[in-house]
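Residue numbers count from 1 along this sequence.
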Amino acid sequence: MPANYACTPSDSRGRLYPEAESGHRSCFQRDRDRIIHASSFRRLKHKTQVFVEHEGDYFRTRLTHSIEVAQVARTIARALGANEDLTEAIALAHDLGHTPFGHTGEDALCDLMAPYGGFDHNAQAIRIVTNLERHYADFNGLNLTWESLEGIAKHNGPVAAPYPWALAEYNARHDLELTTYASLEAQIAAIADDIAYNHHDLHDGLRAGLFEVADIMALPLVGPCFGEVDTAYPDIDPTRRRHEALRRFFGVLVEDVIAYATTALGALDPASPQDIRHAGRSMVRFSDQVFADLKEVRAFLFTRMYRAPRVVETRAIVTNVVNDLFPHMMAHPEQLPRQWQAEVRAAQDDTTLARLVCDYIAGMTDRFALQTHRRIFNRDLGLGAVF
């Protein structure tokens, strides 16, 4: 049974473009379904989480990461009495604005777009779901509810001015109340993101051979989980041992968040979603001890995985891909796809054109960016047999 502080479909602030309600699905269920059917969601299949898409079939991509985030988010939402459908919609959409090559591609586009207003992947997600998805007859975008848009825009907390241009542009038409905290559902989606990547990056780093089980057994939270497994299953094979221990680590994080949020909600005693938004702090977070322990886990991952020599070498190569494609497309906008040409012709200045080029490159998958670069520049990038 949803709590009185949960967002409810009947009290939704609605959509920018009014639509008749479905007889079979709530407005938040429709949002979730529209996100799943969006072209940008499908493209996450071939976008980097940590490893570039071609590096292995077992590593997480942005799509599998988003699915894992949604699963964790629904579990926490159910435990806290939040709206599961809205939580899932926000979780599934939270990474739609990511570029090819993950944060590496984003960093490159941030630098390239600095003269034209910059680039931010959360703001780009809003741009995608409010404009760039163009499949519906009556509007651009997905016409999501206010609550889903709010959650995508500020699931990480209030957004400080000056706002990224893509977010400011939409917010001027449809006020998302960017200076307040988001709904409980959005806060859950945000913490689920942290839980998912801390868990699966340990898995992927081990599979990639960037570190060994012995290395992570010294970490807080993680080491005790291995100890529990070794005590309960002394003869377990190494692969099952690793999975069982990391599964327990995963559970520790989820249970900690639920316990903290339950206590925080009890102390606040919110009577409505607005009480959550105006509480002045997040209701959903890790306890102080687990947060401190996770800082050590994150520091380990930063050094041994995100800045591992092999990963850094690949980051340098794919940064050059983005750095090559952007000025080329600015100089030759006629090479953008046919369906983009009307907007290219309508562009009145370099800023407008740059934002179109940025939209195009940000929407690329890893493989399409590499293919496009190879077609234009006919240059071996040194990534091995990619295709």
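Residues H135 and S39 are in side-chain contact: their nearest non-hydrogen atoms beyond the backbone lie under 4.5 Å apart. The shortest distance between side-chain heavy atoms of T319 and D107 does not fall below 4.5 Å. Contact of the Q335 side chain with the H332 side chain is registered, since non-hydrogen atoms from C-beta on lie closer than 4.5 Å. Counting heavy atoms from C-beta outward, R355 and T352 have side chains that stay 4.5 Å or more apart. Side-chain contact between V312 and Y306 is absent, with no heavy atoms from C-beta onward closer than 4.5 Å. At a threshold of 4.5 Å between non-hydrogen side-chain atoms, the residues H174 and L149 count as touching. Counting heavy atoms from C-beta on, the side chains of I376 and M329 come closer than 4.5 Å. When side chains are defined from C-beta on, C358 does not count as touching Y116, because their heavy atoms never get closer than 4.5 Å.
In this model, no donor atom of one side chain and acceptor atom of the other lie less than 3.5 Å apart for Q124 and D120.
A distance-only check finds no donor-acceptor pair linking the side chain of N140 to the backbone of L132 [under 3.5 Å]. Between the side chain of T365 and the main chain of R43, no donor-acceptor pair closer than 3.5 Å is present. For K47 (side chain) and H98 (main-chain N/O), a donor-acceptor pair under 3.5 Å exists by modelled atom type. Judged by distance alone, with hydrogens and angles left aside, the side-chain atoms of E106 form a donor-acceptor pair with the main-chain N or O of H121 at under 3.5 Å. Counting only distance, with no hydrogens or angles, the side chain of D193 and the backbone of A190 share no donor-acceptor pair below 3.5 Å. Between the side chain of Q187 and the main chain of M283, a donor-acceptor pair closer than 3.5 Å is present. A donor-acceptor pair under 3.5 Å is formed between the side chain of D366 and the backbone N or O of F101. Side-chain N or O atoms of H94 include one that pairs as donor or acceptor with a backbone N or O of A91 at under 3.5 Å. Using modelled atom types, one side-chain atom of N83 and one backbone atom of C7 make a donor-acceptor pair closer than 3.5 Å. A distance-only check finds no donor-acceptor pair linking the side chain of K154 to the backbone of S183 [under 3.5 Å].
When each of T130, D95, L144, L92 is checked for a side chain to side chain contact (heavy atoms under 4.5 Å, CB included) with I152, only L144 meets the rule. The one candidate from R74, R30, R25 that meets the salt bridge (charged side-chain N to carboxylate O under 4.0 Å, His left out) condition with D85 is R74.
In this structure, N378 places its CG atom where only 12 or fewer heavy-atom neighbours from other residues, nucleotides or ligands lie under 6.0 Å away. For R134, the CZ atom sits in a packed shell: over 12 heavy atoms of surrounding residues, nucleotides or ligands are nearer than 6.0 Å. Heavy atoms of other residues, nucleotides or ligands lying less than 6.0 angstrom from CZ of R240 number 12 at most. The environment of E313 atom CD is sparse: at most 12 non-hydrogen atoms of other residues, nucleotides or ligands sit within 6.0 angstrom.
In this structure, R34 is positioned above the aromatic face of Y136, its NZ or CZ under 6.0 Å from the six-membered ring centre and within 45° of the axis.
Taking the six-membered ring for Trp, F300 and F211 have ring centres closer than 6.0 Å. You'll find the ring centres of H65 and H199 outside the 6.0 Å limit. For H37 and F41, the ring centers sit 6.0 Å or farther from each other.
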| Worked check of salt bridge (charged side-chain N to carboxylate O under 4.0 Å, His left out) between E150 and R13 | CA-CA 11 Å; E150 177 212 27; R13 301 192 197 185; over 6 Å; no
| task | Could you go through the ring-ring contact (aromatic ring centres under 6.0 Å, His included) check for H328 and F377 one step at a time? | result | CA-CA 10 Å; H328 178 86; F377 299 102; 5.6 Å; yes
| task | Please report the C-alpha distance between E177 and R277 in whole Å, then the side-chain angles of each, then the deciding distance to 0.1 Å, and finally whether the salt bridge (charged side-chain N to carboxylate O under 4.0 Å, His left out) criterion is met. | result | CA-CA 10 Å; E177 300 179 3; R277 293 185 175 100; 5.2 Å; no
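Criterion: ILVMFWY side-chain heavy atoms under 4.5 Å apart, direct or through other members. Under it, I90 and V69 are not part of a common hydrophobic cluster.
Counting only residues at least two apart or in different chains, side-chain hydrogen bond (donor to acceptor under 3.5 Å, both in side chains) contacts with residues 255-264 comprise D256-S287. Sequence neighbours left out, the pairs with a member in residues 320-331 that pass salt bridge (charged side-chain N to carboxylate O under 4.0 Å, His left out) are D324-R379.
For the side-chain contact (heavy atoms from CB on, under 4.5 Å) test, residues two or more places apart in sequence or in another chain that qualify with T145 are S12, R15, C27, F28, D31, E147, S148.
When all heavy atoms of L353 and P333 are compared, the pair lying nearest together is CD1-CB, 3.8 Å.
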